[in-house]
Asker: 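Submitted below is the structure of interest, expressed as structure tokens.
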Amino acid sequence: RWLEFNFYLFSMALRFEVLGRFNRARAARLTLPHFTCQTPLFMPVGTQGTIKGLTTDQLEEIGCQIILGNTYHLELRPGSQLIDDLGGLHKFMNWKRALLTDSGGFQMVSLLHLADITEEGVTFQSPVDGKPMLLTPEESIHIQNNIGADIIMALDDVVKTTITGPRIEEAMYRTLRWIDRCIAAHKKPDVQNLFGIVQGGLDPVLRDICVKGLVERNLPGYAIGGLAGGEDKDSFWRVVAQCTAGLPEDKPRYVMGVGYPLDIVVCSALGADMYDCVYPTRTARFGTALVPEGVLKLKQNAMATDERPIDPTCPCMVCKNYTRAYLHCLVTKDAMGSQLLSYHNLSFMMRLSRDLHMSILEGRFPEYVIIQLNFVSFVSF
Ligand code: PRF
Ligand code: ZN
């Protein structure tokens with residue numbers, strides 16, 4: 001028992017304490033090496049070691065707790081060896097709170113149409129010199145050990161949920177085989193948490209096999225992958241509900257690539273804890289602001305003379321200081337336009353995370369959800 005307990009202590013670099021529940025929804029405290037977070041939790045995506053247009057001080061100011069980096073992008077530039085030599089990504093980008101890196105395979109497959117998956121790993125043409133390159137589970141973990149994030153992701157075989165047939169099954173079993181190679185390659189389990197990723201498309205039998213296989217490996221946390229790729233909402237929520245039901249109560253559950261505010265509310269009701277998506281910052285760069293009623297398109301002519309803030313109920317720095325008319329003028333003309341909109345949109349997502357956490361803790365989660373669902377155009381496409 002004692003040995004087992006010690007093994008448990010030293011093989012996980014996190015603590016997950018559920019502080020409150022409402023049916024399947026949980027409000028928890030997630031203690032990571034660099035920061036103690038509250039869940040449900042939205043994580044902004046910073047591809048190149050930055051959230052485009054925001055400083056790390058601003059990210060702290062709006063209550064951001066974890067940010068995402070991508071193994072694939074960071075390895076291309078500036079390279080994980082250099083990041084390691086300079087003291088790790090936290091120090092390199094001056095971010096003191098938690099970091100998570102994705103394994104890179106998904107980015108290569110979704111960005112480079114030339115990527116090809118074999119049992120060995122993901123092969124692709126280098127965008128730098130066109131040479132063929134191979135990202136194996138071992139190499140992905142090695143790079144992520146160099147980068148030094150609090151949470152690192154297993155290399156998985158991701159296929160679109162809209163595909164059917166034997167490829168889905170092959171990808172799920174390969175993801176299970178690769179997790180063992182990831183576990184064996186992981187050199188820093190005392191300071192970095194390796195999360196496994198559930199695959200299996202929309203097939204409940206395959207998802208079940210994958211959930212059970214990963215749970216057997218007793219990982220510090222689990223992600224639900226392969227979703228938000230064009231499937232209908234009903235299928236998406238069904239898979240999340242099935243996976244959360246099969247995953248351990250005392251470990252964090254992360255739905256990858258999600259998402260829209262409505263999806264986060266629904267997935268949290270289904271027992272998920274963590275989310276990431278480029279949507280709030282990407283849509284900001286196209287001039288769209290997130291507001292409780294849905295979205296506000298600042299490029300529209302009607303904004304040109306509108307003296308109100310983006311959202312009069314939002315306490316963020318942008319809503320305190322700038323009018324829609326001013327933002328209309330900047331949007332797509334000056335980098336400051338995207339920066340201010342990204343600041344507001346991420347503030348909105350952080351406030352949503354905090355509201356979910358507090359409403360679960362305070363026993364008023366259903367009321368909160370109903371208010372959110374009443375905003376008719378609450379972004380859901
Ligand atoms: N796997 C990995 N990263 C991801 C996903 C996945 O399935 C998704 C979901 N489509 C987003 N990011 N490794
Ligand atoms: Zn605001």
Side-chain angles (χ1 to χ4, degrees), residues 43 45 47 58 61-63 68-73 100-111 115 117 121-122 135 137 140-141 144 151-163 168 171-172 174-175 178-179 182 194-202 207 210 214 222-231 235-236 239-240 243 254-259 263 267 272 274-280 284 288-292 295-296 298 308-324 326-327 339-352:
M43 308 180 285
V45 183
T47 311
Q58 288 178 315
E61 188 174 287
I62 63 178
L68 238 85
N70 280 325
T71 299
Y72 165 73
H73 292 94
L100 181 152
T101 44
D102 197 358
S103 47
F106 172 74
Q107 283 72 33
M108 296 195 309
V109 173
S110 59
L111 296 176
I117 299 173
V122 184
L135 184 74
S140 171
I141 297 300
Q144 295 187 80
I151 298 175
I152 65 177
M153 302 304 300
L155 188 69
D156 52 346
D157 185 354
V158 193
V159 282
K160 280 209 170 81
T161 42
T162 45
I163 290 177
I168 305 281
M172 186 280 288
R174 182 169 288 144
T175 297
W178 283 0
I179 189 69
C182 290
L194 172 64
F195 279 26
I197 307 173
V198 181
Q199 293 294 346
L202 302 178
R207 286 278 174 179
C210 201
L214 291 176
Y222 300 93
I224 302 167
L227 295 174
E231 70 281 357
S235 316
F236 163 43
V239 172
V240 173
C243 293
Y254 161 27
V255 188
M256 305 191 83
V258 168
D263 290 334
C267 292
M274 302 164 69
Y275 311 94
D276 80 277
C277 194
V278 292
Y279 174 68
T288 299
L290 301 177
V291 291
V295 293
L296 192 71
L298 284 140
R308 290 173 293 174
I310 294 173
D311 170 10
T313 71
C314 175
C316 93
M317 174 275 284
V318 176
C319 293
K320 270 201 301 234
N321 294 317
Y322 302 102
T323 61
R324 294 177 184 182
Y326 178 65
L327 294 164
Q339 289 166 25
L340 295 175
L341 283 188
S342 292
Y343 186 102
H344 164 82
N345 284 356
L346 287 182
S347 300
F348 179 93
M349 299 307 291
M350 295 307 135
R351 193 147 58 107
L352 177 70

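What you are looking at is a predicted structure, and each value in this text was computed from that prediction instead of being measured. Count residues from 1 along the sequence. Ligands are counted one by one from 1 in listed order, and the atoms in each one are counted from 1 as well.
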Asker: N/O of Val158 under 3.5 Å from N/O of ligand 1, yes or no?
Answerer: no
Asker: How far does CG of Asp276 sit from CE of Met349, to the nearest 0.5 angstrom?
Answerer: 10.5 Å
Asker: Is the shortest heavy-atom distance from the side chain of Arg324 to the side chain of Leu298 under 4.5 Å?
Answerer: yes
Asker: Checking contacts here: is it the side chain or the backbone of Gln199 that comes within 4.0 Å of ligand 1, counting heavy atoms only? Could be both or neither.
Answerer: side chain
Asker: For the CG atom of Asp102 and the CG atom of Leu155, what is their distance to the nearest 0.5 Å?
Answerer: 9.0 Å
Asker: Can you name the nearest heavy-atom pair linking Gly226 to Val158, along with the distance?
Answerer: CA-CG1, 4.2 Å
Asker: How many angstroms lie between atom CG of Leu100 and atom CG of Leu68, to the nearest 0.5 angstrom?
Answerer: 4.5 Å
Asker: Just jot down the ligand 1 atoms closer than 4.0 angstrom to any heavy atom of Ser103, in number order.
Answerer: 13 (N)
Asker: Could you tell me whether the side chain of Ile62 reaches within less than 4.5 Å of the side chain of Cys316, counting heavy atoms only?
Answerer: no
Asker: Run the numbers for me: atoms of ligand 1, each under 4.0 Å from some heavy atom of Gly257, listed by number.
Answerer: 11 (C)
Asker: Considering only protein heavy atoms, which is closest to atom 7 (O) of ligand 1, and at what distance to one decimal place?
Answerer: Gly226 N, 2.7 Å
Asker: So which atom in Ile310 and which in Leu296 form the shortest heavy-atom distance, rounded to 0.1 Å?
Answerer: O-CD2, 3.7 Å
Asker: Can you sort out which atoms of ligand 1 are near Ile197, meaning under 4.0 Å from one of its heavy atoms?
Answerer: 13 (N)
Asker: Considering only the protein, which heavy-atom contact is closest to atom 3 (N) of ligand 1, and what is its distance?
Answerer: Asp102 OD2, 2.6 Å
Asker: Considering non-hydrogen atoms of the protein only, which is the closest contact for atom 1 (N) of ligand 1, and what is the distance?
Answerer: Asp156 OD2, 2.7 Å
Asker: Among all protein heavy atoms, pick the one closest to atom 10 (N) of ligand 1 and tell me residue, atom and distance.
Answerer: Leu227 O, 2.8 Å
Asker: Mark up the atoms of ligand 1 that fall under 4.0 Å of a heavy atom belonging to Gly225, in ascending order.
Answerer: 7 (O)
Asker: Please list, chain by chain and in numerical order, all residues satisfying salt bridge (Lys or Arg N to Asp or Glu O under 4.0 Å) with Asp311, sequence neighbours excluded.
Answerer: Arg351
Asker: Hey, does Met317 have a side-chain heavy atom less than 4.5 Å from the side chain of Gln58?
Answerer: yes
Asker: Going by heavy atoms in the side chains, are Thr161 and Phe236 under 4.5 Å from each other?
Answerer: no
Asker: Would you call the rings of Phe348 and His344 parallel, tilted or perpendicular, where under 30° means parallel and over 60° means perpendicular?
Answerer: tilted
Asker: Give the residue and atom name of whichever protein heavy atom lies nearest to atom 11 (C) of ligand 1, and the separation in Å to one decimal.
Answerer: Phe106 CE2, 3.4 Å
Asker: Which protein N, O or S atoms does the Zn ion (ligand 2) have within a distance shorter than 2.8 Å?
Answerer: Cys314 SG, Cys316 SG, Cys319 SG, His344 ND1
